[in-house]
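Have a look at the structure below, then the notes.
Excluded from the calculations below are hydrogen atoms, water molecules and symmetry mates; all remaining heavy atoms, backbone and side chain alike, are included.
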Amino acid sequence: MLGFWMPRMPKVIEEALPEDMAALSEIHGRSFARTWSADEIASLAADPAAMVLVARRASPGGTRQPLGFAILRCAADEAEVLTIAVDPRHRGRGYGTMLLEEAIRRLYADRMAALFLEVDATNKPALALYRSLGFTRVGERKGYYQGSSGASDAADPAETGLALVMRCDLR
């Protein structure tokens, strides 16, 4: 009953901090068959062409564990989502949407023309999210997700590992 009078703390999206890398690796490991180490994520974050955004819920005590994150990389006037993951315990609460909306705002401000990503063709929640934000299918890559945990859900064995390439126009 203690939480009854406590105000709900806002969700925030901000740049990743060096001390976030281990938590981001753990979230990635709970989300994908092939995890990225904290060192791999830190290496990407150090790239000047990369953007690493973290979703958190603000806390009166100052503990603000990452609940999700997105890593993007820019080249010329285009950007690509390298990965996006929300801790399974916090999915369905809008963190993925907030991460992508903030990324799109920043890319738009930087005058990027388009944002690309690849997504497992069987990942219905991700496809719904991307379509709701204006992404459209522009191609596919067969065998891209071989051995991924989501591929076993494919209705057609021929579709196993199929990645859809999607694009969101920013101009």
Distance-only criterion, 3.5 Å: show the donor-acceptor pairs between side-chain atoms of residues 37-51 and protein atoms not counting sequence neighbours.
residue: Ser37; atom: OG; partner: Asp39; partner atom: N; Å: 3.4
residue: Ser37; atom: OG; partner: Glu40; partner atom: N; Å: 3.0
residue: Ser37; atom: OG; partner: Glu40; partner atom: OE1; Å: 3.4
residue: Glu40; atom: OE1; partner: Ser37; partner atom: N; Å: 2.7
residue: Glu40; atom: OE2; partner: Arg34; partner atom: NH2; Å: 3.0
residue: Asp47; atom: OD1; partner: Ala49; partner atom: N; Å: 2.8

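- Counting non-hydrogen atoms of neighbouring residues, nucleotides and ligands closer than 6.0 angstrom, the CZ atom of Arg171 exceeds 12 such neighbours.
- Nearest heavy atoms, Val119 versus Ala126: CG2-CB, 3.8 Å.
- Of the options Thr83, Asp20, Ile84, Asp87, a side-chain contact (heavy atoms from CB on, under 4.5 Å) to Phe69 is made by Thr83 and by none of the others.
- Annotation: the span from Asp77 atom CG to Leu107 atom CG amounts to 11.0 Å, rounded to 0.5 Å.
- With rounding to the nearest 0.5 Å, the separation of CD in Glu78 from CG in Leu170 is 9.5 Å.
- Judged purely by atom type and a 3.5 angstrom limit, Arg167 has no side-chain atom pairing as donor or acceptor with the backbone of Val138.
- Within 6.0 Å of CZ in Arg73 there are 12 or fewer heavy atoms belonging to other residues, nucleotides or ligands.
- To the nearest 0.5 Å, the span separating CG on Asp169 from OG1 on Thr136 amounts to 6.5 Å.
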Could you give me the CA-CA distance, side-chain angles and deciding distance for Met166 and Arg131, then say whether side chain to side chain contact (heavy atoms under 4.5 Å, CB included) is met?
CA-CA 9 Å; Met166 300 187 82; Arg131 288 182 180 128; 4.0 Å; yes
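- Separation of atoms CZ (Arg105) and CG (Leu100) is listed at 10.5 Å; rounding is to 0.5 Å.
- Using a distance-only test at 3.5 Å, with no hydrogens or angles considered, a donor-acceptor pair links the side chain of Arg91 to the main chain of Val86.
- Shown here for Pro66 and Leu24, the closest heavy-atom pair between the two residues is CB-CD2, 3.8 Å.
- Here the CD atom belonging to Glu102 is positioned 6.5 Å from the CG atom belonging to Leu53, to the nearest 0.5 angstrom.
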